[in-house]
Amino acid sequence: MDWTWFHRFGSPPHLYGLAGRLTPWFAWPSAFLIAAGLYGGLVLAPADYQQGDGFRVIYVHAPSAWLSLMAYTWMAVAAAIGLVWRMKAAHAAAASCAPLGAWFTVAALCTGMLWGKPMWGTYWVWDPRLTSELVLLFLYLGYMGLRSAIEDPQRADRASAVLAIVGVINVPIVRYSVEWWNSIHQAPSVMKFGKPSISWPMLTPLLIMFVGFTLLFVALLLVRLRGEILRRERHARWVAEVVAG
Amino acid sequence: MSDFLSMGGYASSVWPSVALTFGIIAWNIVAARRSFAAARAEARRRLAVEGSP
Amino acid sequence: MSSAVSCARLVIGRDLRLAFRNRTQLLHPLLFFAIVTTLFPLALTPEPSQLRDVAPAVLWVGALLASLLAIEFLFREDAQDGTLEQYALSGRSLTWLLFAKTVSHWLLSGLPLALMSPIVAYGLAVSPAAMPGIAASVALGTIALSLLGAISAALTLGIRRGGALLSLLTLPLAVPLLIFGAQATARAIEGASLVAPMYFLAACAVLGLTLAPLAAAAAVRISLE
Amino acid sequence: MSSAVSCARLVIGRDLRLAFRNRTQLLHPLLFFAIVTTLFPLALTPEPSQLRDVAPAVLWVGALLASLLAIEFLFREDAQDGTLEQYALSGRSLTWLLFAKTVSHWLLSGLPLALMSPIVAYGLAVSPAAMPGIAASVALGTIALSLLGAISAALTLGIRRGGALLSLLTLPLAVPLLIFGAQATARAIEGASLVAPMYFLAACAVLGLTLAPLAAAAAVRISLE
Amino acid sequence: MSAHRLSGDSLHVFRGERHVLRGVSFVAEGGDYLEVTGSNGAGKTSLLRTIVGLVHAESGRVRWNGLDIHADAGAFHAQLAYLGHESPLKADLTPRENLHFAIGIRRRVGGDEIARALAETGANGFADRPVRTLSAGQRRRVALAGVVLAAVPLWVLDEPATHLDAEGHALVGRLVDRQRAEGGIVIAAVHAPLPVAGAGTRRIGLTLQ
Amino acid sequence: MSAHRLSGDSLHVFRGERHVLRGVSFVAEGGDYLEVTGSNGAGKTSLLRTIVGLVHAESGRVRWNGLDIHADAGAFHAQLAYLGHESPLKADLTPRENLHFAIGIRRRVGGDEIARALAETGANGFADRPVRTLSAGQRRRVALAGVVLAAVPLWVLDEPATHLDAEGHALVGRLVDRQRAEGGIVIAAVHAPLPVAGAGTRRIGLTLQ
Ligand code: HEM
Ligand SMILES: Nc1ncnc2c1ncn2[C@@H]1O[C@H](COP(=O)(O)OP(=O)(O)OP(=O)(O)O)[C@@H](O)[C@H]1O
Ligand SMILES: Nc1ncnc2c1ncn2[C@@H]1O[C@H](COP(=O)(O)OP(=O)(O)OP(=O)(O)O)[C@@H](O)[C@H]1O
Ligand SMILES: [Mg+2]
Ligand SMILES: [Mg+2]
């Protein structure tokens, strides 16, 4: 198998340029989709027969929660690649995932709490899914804490990569906690095998939101990635050329 | 319109959630751009101090 | 020669600067507190009424351990890199310098813990009305705890793995603080008057303020020998 | 050249010798465990039935914190005095050497904690019939905990005040151990079957045995760079 | 500056169970350099720590300007700078910050004064990097800058030139000479003699007990 | 013992953000003593740590007997003894115990062999006291005994003679000479040259970047 594409892809100057060129291609569609999804979710979708209009929180809650998990997974995968092939660009990607993932975890927690007040009568219960999402936040904080505690960027990259890989075990726990333990939290109704269990008019805006959030995440990741690449390659000649221009 | 804003009595969860999420999105956009700009400025400063490598 | 106050300001300023340099480390006692108090509902039960019953105990044991965790570092690094030796040889009152260090420790651990305790209490199903009382009692209790911890930290300086011994020395002495703190919290939850336990916590803090720095200075001198 | 086994024996022998040289330090995790678990009844209530309800949570949180306290020192001293560097340059598999160190850590903390847990449980008004189950579950849980802690300890090596970061990194990952450990204890108290939670704890231990030393060795190498 | 005088008479010092110093006596006056030599384990470090008051002598006393140093330890310490085997620096702070905080508790000190001391000890090239990232010799230079900045009459230095390069050795010699010229007293434990001006050098040779 | 060969070609090393070594190359063969000199912060320690494989070079490689050291790090390390700025000793164990446990994981070693090494480095007078109570130079001697006991062809020593007295300097020179006579290679970072036999000495002079 020919691996040159892999190394070319991982070469910092190439990736830096590519990321710059790709950003708008993710940013604008995401803005459009999120706007459309929001309109669809808040205005067009019919009220839920049980929860009334309260269910509309789902259009921000579920995509945020989904991103919080996706970001961790990507972070762990990037970290593993960086560790195994000593690839700086992959470490840069992992480092860029963490703050984004942490913020979307916060968003999922807060929107979930706001939703929980009318539905369960309290902002917080010690439910497995809620708890494991909180643990996910702690993991993100631990990752960023470890990273900032180590001065040398190379060492910080590799040490935090080990942590990211070890912590990935929490992702399936969050994802499947609802099924493994009996939980008061909603079981997956969209992302499950077979037919989704909610109606299409409600589902469509949600799916649009999922895609929009994912694209947004990629766009933000690319912007951060470029910064991280510059930080790691400060002493490289190509950086001088790029920055001077 | 006020019907829409009241969200069938759930205004106090729906609107804060939406506002919060978009607040976080906005902050992330600002922060991402800022982090890139900071890295760029830093590289420029180094270039000015140390000259081309 | 700079005055005693400016000298204390310098010591506190240095500790705060060091703490803010490792920004995340500022969060450690808080996160530890948050994590320990999260572990309980997980291991126990998610039932709010039952959680509310154990809330004072969980809150205070958590705060105690978090504060202790931070105390371990009160003098240790300064001892290892020779700063403490230099303090002892600076011609300044060591008691005063150590007192300043204890103040900065409380600012960096006790105060944030007190500010955070209402959030933790909420997670333990405590009603919002009890929050001001809880925060106040934790703030007062951690003052006494920091001072108490300063003595133990100084005593365990010369010792390898002092950390474990430190908790051993401090925890038994902290028992009265724990009992009255938990009592104050329990009363805040019931909506009863906090005066009696708060009065006791304040007495402990005042006693600590007068005696602890002296004892700590003596202990530090011994450890340097 | 000495064999891998004799080499591990040497590493473990050294750690045990060091521990027994500072005899009191051997007692630290145990005493910490004892103190934390006594703080609870003090802060809570002396009511036996209520104590029995919180016993699994108190026991496991106490054991978790005690074990964590000891883990901080798993590699720290060896890193400071250069022993770890020598291990990495010894031509031996670092994974294996660190595994041996983790074993000695468990022998010095997990095992004594398991042996002591029945006593603590008795203090929490648990009936004697539940004791074997409790001790077994603590023994199994602390194996996984020592292995998990080894990774965090290795990761926080290069870092000042790594201790606080260490608990931050370890506790979230230890949550499943806590939940299942407390569940096993609760079942032992009720007289129900422990098989399911014990099976889970064993699975964690096996997973840890295969993966943790590898991760720890990677982390140690990084810290030495 | 009045002439200072430091003396010890028949000091007996135990470390643990060992009788390390057996009746060591010395006198040093303003302008003197007291060189403490002796093979490894002879008791140089123990003597210096006794002189600054960190170790208590079993018998005999150390006098500063005629007064037992333990009589008014605060006043004595205010006139003294001690540098041990290890350099007392915070790894997370920069050299500049380290000196600011360390000297600040002794006396008011300005940024320019710190900068001058750092330049003098050849440490201005790395004055604003965390000490953690400095080499062994670079740290020693920062520690020496701290001794200079203390601006006190008595210096007690334990192997001040460890980890220093040849130029660093010369630097230590110059610093010692300047301190003596200003009427100060320097006591240093060394293995290789420092390059100081000959006059006014006294020696204590310790032998292994 | 087959003739060994250690080489580095155009090593570039970064510490944090600093380009510390710029294209350093060297060769050493059985019987050689490679003396690394340079002012404080020139990169001696960094070079030694790169040679033993603790620091990774940004470009260039170190070869042991023709093979990249990272290709089979275990095999390389089994032939290597490294002594850094600090002596790797457990404060609570005695020198004898320290050596027993440290060398034991490399090879089977008898008590008499340890005793001989301790005697050779002048450490037998305090072989059974906890290291905590030893003076700085005494600790260094114990660490040197560990290097001798490793019985490996390659020694990498960072300022081996720190804290040692004059007799200790001569001792280090003797040890280095013997190691070379047995076909080994010694690399040492030093500030003052070690008293070794002249032939077979190569030098790397590093300059501050
Ligand atoms: C702090 C409280 C909450 C947290 C931490 C939380 C967390 C999560 C997480 C992690 C997901 C998973 C997303 C995925 O698997 O891709 C999710 C999805 C979801 N949550 Fe929540 N949640 C909370 C409160 C609530 C409440 C109160 C409700 C409604 C009563 C709710 C309804 C949902 C729904 C409907 C989904 C989408 C499930 C799917 O289709 O996959 N959540 N939440
Ligand atoms: N972890 C680090 N991060 C950043 N810079 C470092 C780090 N370690 C060392 N340096 C820098 O690299 C350079 C070389 O350091 P090194 O320790 O190799 O010097 P050295 O030649 O051994 O000096 P000395 O004679 O003082 O021991 C120095 O300028 C030092 O400040
Ligand atoms: N804490 C202690 N307990 C017992 N003995 C000690 C202690 N500290 C030092 N010693 C012993 O006292 C003697 C003198 O030690 P000291 O450190 O003063 O020597 P030194 O002259 O400074 O040696 P070096 O040149 O190696 O620094 C040594 O034999 C040492 O082993
Ligand atoms: Mg000495
Ligand atoms: Mg060096």
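Chain letters run A, B, ... following the sequence lines, proteins first, then strands; residues in each count from 1.
The backbone N or O of V223(A) sits nowhere less than 3.5 Å from a side-chain atom of R33(B) that would complete a donor-acceptor pair.
Against chain B, the residues from residues 25-36 of chain A that qualify, each with a non-hydrogen atom under 4.5 angstrom away, are I34(A) in number order.
Among all heavy-atom pairs drawn from N28(B) and P99(A), the shortest one is OD1-O, 4.4 Å. Across V243(A) and R40(B), no two heavy atoms sit closer than the pair CG1-O, 3.9 Å. Between G227(A) and A39(B), the shortest heavy-atom contact is O-CB, 3.4 Å.
Within the 4.5 angstrom heavy-atom criterion, no atom of A37(B) approaches chain A. When heavy atoms are compared at a cutoff of 4.5 Å, I29(B) approaches chain A by way of both its backbone and its side chain. Contacts between L38(A) and chain B at a heavy-atom distance below 4.5 Å involve the side chain alone, from C-beta outward. Contacts between L221(A) and chain B at a heavy-atom distance below 4.5 Å are absent for every atom of the residue.
The ring pair (Phe, Tyr, Trp, His ring centres under 6.0 Å) test applied to F217(A) returns W74(A), not counting sequence neighbours. Residues satisfying the ring pair (Phe, Tyr, Trp, His ring centres under 6.0 Å) test with F55(A), not counting sequence neighbours, are Y59(A). The salt bridge (charged side-chain N to carboxylate O under 4.0 Å, His left out) test applied to R155(A) returns no partner, not counting sequence neighbours.
Remark: S13(B) OG to M113(A) CE distance equals 12.5 Å, nearest 0.5 Å. Taking CH2 of W15(B) as the reference point, atom CG of L42(A) lies at 5.0 Å (rounded to 0.5 Å). Rounding to the nearest 0.5 angstrom, the gap separating the CZ atom in F36(B) from the CG atom in L220(A) is 14.0 Å.
Taking chain B as the reference chain and counting heavy-atom pairs below 4.5 Å, the highest number among A219(A), P118(A), A107(A) is found for P118(A).
In this pair, W27(B) and W103(A) present their aromatic rings perpendicular. The plane angle is above 60°, beyond the 30 to 60° band.
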Q: Start with the C-alpha distance between F213(A) and T21(B), add both sets of side-chain angles, then the distance that settles side chain to side chain contact (heavy atoms under 4.5 Å, CB included), and finish with yes or no.
A: CA-CA 11 Å; F213(A) 267 59; T21(B) 307; 3.9 Å; yes

Q) Can you list the steps and then say if R231(A) with S35(B) is a side chain to side chain contact (heavy atoms under 4.5 Å, CB included)? A) CA-CA 10 Å; R231(A) 285 203 185 90; S35(B) 129; 4.0 Å; yes

